[in-house]
Amino acid sequence: MEYVPAKHLLHRSRSTEWFGTDHIMNIYRGCCHGCLYCDSRSDCYRLEEFDRVQAKADALRILRDDLARKARPAFICTGAMSDPYNPFEEDLELTRHALELIDAYGCGVAVATKSDLIVRDIDILTAIQGHSPVMCKLTITTADDALAAKLEPHAPPPTRRLAALERLSGAGLFAGVLLMPVLPFLEDSDEGVLAVVEGAARAGAKFIYPAFGVTMRQGQREYFLDGLERAFPGQGLKERYLRQYGDRYQCASPRARSLWKVFTGACRERGILYDMKSIIRAATLGYGDRQLTFFD
């Protein structure tokens, strides 16, 4: 493992509208899941060799010092730029020890991951939820393991993520699905979206938050489109994307409106939350003024 210097681990969020969190934490840099669509590859983030995972040097001491300086407990998001449960985490346990510090300082946490390794830390996540909000967010863009293997070649398959979701939910944790991105022309069928909803419902998901489309910008766009050509040869997906979206950043599925109707109907039938305000309200209910975070 290569280590890179860092001055701070906690960074204030510009907005609490994304799941109500007010701080961001990344102990690792880069990711080895190999997802074709990952926006973190974009040139604007200046992450050279994104597929090579690096850890922040002296991360736990830095995090402890950052937490000690907080005047009030933070609600911390991790997993926004690099997966906190990459394969190296199994031995390094940096994420696990970070969660222990978050617990010790009375903070909340929202974890986004594609890895079922998160179930290893159910004990600490449960302890945190005893005093502060916890959100466990499993990214699942398709319920089809074979399709996922082409789009997310080194990530655990969706069936393992859904099994992890079931264990998290069974432990009483506030857990759900990030249904994003839903790739145009590949994942944006009614059947595909409903398969994720049904799988999440069986696993006890409290919420599913979707994005029916994908983002493309400099650096990531080229990687994504070339990756589609390799993964789906002869299907002309690169040309189709370029005709449909050109150099746009926000690339909504042409079926976004109809998908939204199908998706929301299925979620309502199963009692699954899907709009951000409701998700934040449910996750922070009973934690005092944290309930007001989204609306401040």
Side-chain angles (χ1 to χ4, degrees), residues 15 17-20 35-42 44 79-80 112 114 135 137-148 150-152 155 158 161-162 165 176-201 205-229 231-232 235-280 282 294:
S15 171
E17 293 183 6
W18 185 252
F19 289 96
C35 304
L36 301 186
Y37 50 73
C38 184
D39 185 69
S40 296
R41 295 180 183 279
S42 301
C44 61
K114 285 191 177 81
M135 294 187 191
K137 302 175 288 185
L138 278 295
T139 299
I140 301 173
T141 71
T142 174
D144 184 335
D145 283 359
L147 178 57
K150 294 182 177 182
L151 300 172
E152 310 156 348
R161 289 176 239 168
L162 287 168
L165 176 61
V177 168
L178 296 179
L179 177 55
M180 59 176 68
V182 176
L183 298 180
F185 319 129
L186 284 169
E187 299 176 317
D188 59 344
S189 67
D190 292 358
E191 296 78 13
V193 168
L194 288 175
V196 175
V197 174
E198 290 164 5
K206 299 293 192 300
F207 65 90
I208 305 174
Y209 192 68
F212 299 121
V214 68
T215 57
M216 296 194 297
R217 54 184 160 190
Q218 188 172 350
Q220 183 266 345
R221 177 186 293 107
E222 294 79 6
Y223 185 93
F224 173 58
L225 295 178
D226 290 345
L228 290 181
E229 287 290 284
F232 304 94
Q235 296 190 27
L237 284 170
K238 180 175 182 178
E239 290 76 13
R240 193 172 182 184
Y241 267 84
L242 289 172
R243 284 197 307 270
Q244 181 77 28
Y245 302 112
D247 60 358
R248 268 187 272 168
Y249 170 55
Q250 298 280 359
C251 304
S253 164
R255 304 194 66 250
R257 287 190 178 184
S258 60
L259 284 175
W260 178 254
K261 184 176 181 180
V262 169
F263 167 76
T264 55
C267 286
R268 284 194 295 268
E269 287 177 8
R270 293 159 177 79
I272 296 174
L273 302 172
Y274 55 83
D275 70 281
M276 187 60 75
K277 286 187 179 182
S278 297
I279 294 168
I280 294 172
F294 182 81

Counting only N and O atoms by type, is there a donor-acceptor contact under 3.5 Å from the side chain of R41 to the main-chain atoms of G219?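 No.
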Pairs touching residues 139-148 that satisfy salt bridge (charged side-chain N to carboxylate O under 4.0 Å, His left out), sequence neighbours left out: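 Of all non-adjacent pairs touching residues 139-148, none passes salt bridge (charged side-chain N to carboxylate O under 4.0 Å, His left out).
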For the residue pair [X] and [Y], establish whether any side-chain heavy-atom pair is separated by less than 4.5 Å.
X: K150; Y: L186; value: no
X: R257; Y: F212; value: no
X: V193; Y: W260; value: no
X: S253; Y: V182; value: no
X: C267; Y: F207; value: no
X: V196; Y: E187; value: no

I would like to know whether F232 and L147 meet side chain to side chain contact (heavy atoms under 4.5 Å, CB included); could you show each step before the answer? CA-CA 10 Å; F232 304 94; L147 178 57; 3.7 Å; yes
Could you grab the distance from atom [atom1] of [X] to atom [atom2] of [Y], nearest 0.5 Å is fine?
X: F224; Y: C251; atom1: CZ; atom2: SG; result: 8.5 Å
X: R217; Y: E222; atom1: CZ; atom2: CD; result: 12.5 Å
X: Y223; Y: L228; atom1: OH; atom2: CG; result: 11.0 Å
X: I272; Y: T264; atom1: CD1; atom2: OG1; result: 12.0 Å

When you look at CD of E198, are more than 12 heavy atoms from neighbouring residues, nucleotides or ligands closer to it than 6.0 Å?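 Result for CD/E198: enclosed.
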Taking only residues two or more places apart in sequence, or in another chain, which ones meet [X] in a side chain to side chain contact (heavy atoms under 4.5 Å, CB included)?
X: A266; value: L194, V197, R270
X: Y209; value: W18, F19, L178, M180, M276, I279
X: A205; value: L165, A200
X: A195; value: A143

What are the two closest non-hydrogen atoms of [X] and [Y], and how far apart are they?
X: L179; Y: I208; answer: CB-CG2, 3.8 Å
X: L273; Y: S278; answer: CD1-O, 3.7 Å
X: A231; Y: L36; answer: CB-CD1, 4.3 Å
X: I140; Y: P158; answer: CG2-CB, 4.3 Å
X: R161; Y: A155; answer: NH2-CB, 4.0 Å

Among all residues two or more places apart in sequence or in another chain, which pass the side chain to side chain donor-acceptor pair (under 3.5 Å) test with [X]?
X: R268; result: Y274
X: T215; result: D39
X: Q220; result: none
X: S189; result: none

Quick one: list whatever passes salt bridge (charged side-chain N to carboxylate O under 4.0 Å, His left out) with R221, sequence neighbours left out.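 R221 satisfies salt bridge (charged side-chain N to carboxylate O under 4.0 Å, His left out) with no residue once adjacent residues are dropped.
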List the residues meeting salt bridge (charged side-chain N to carboxylate O under 4.0 Å, His left out) with D190, not counting sequence neighbours, and say none if there are none.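 With sequence neighbours excluded, D190 shows a salt bridge (charged side-chain N to carboxylate O under 4.0 Å, His left out) to R255, given in chain and number order.
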List, one per line, each side-chain donor-acceptor pair under 3.5 Å for residues 236-246, sequence neighbours excluded.
residue, atom, partner, partner atom, Å
K238, NZ, D226, OD1, 3.0
Y241, OH, P184, O, 2.7
Y245, OH, A252, O, 2.7

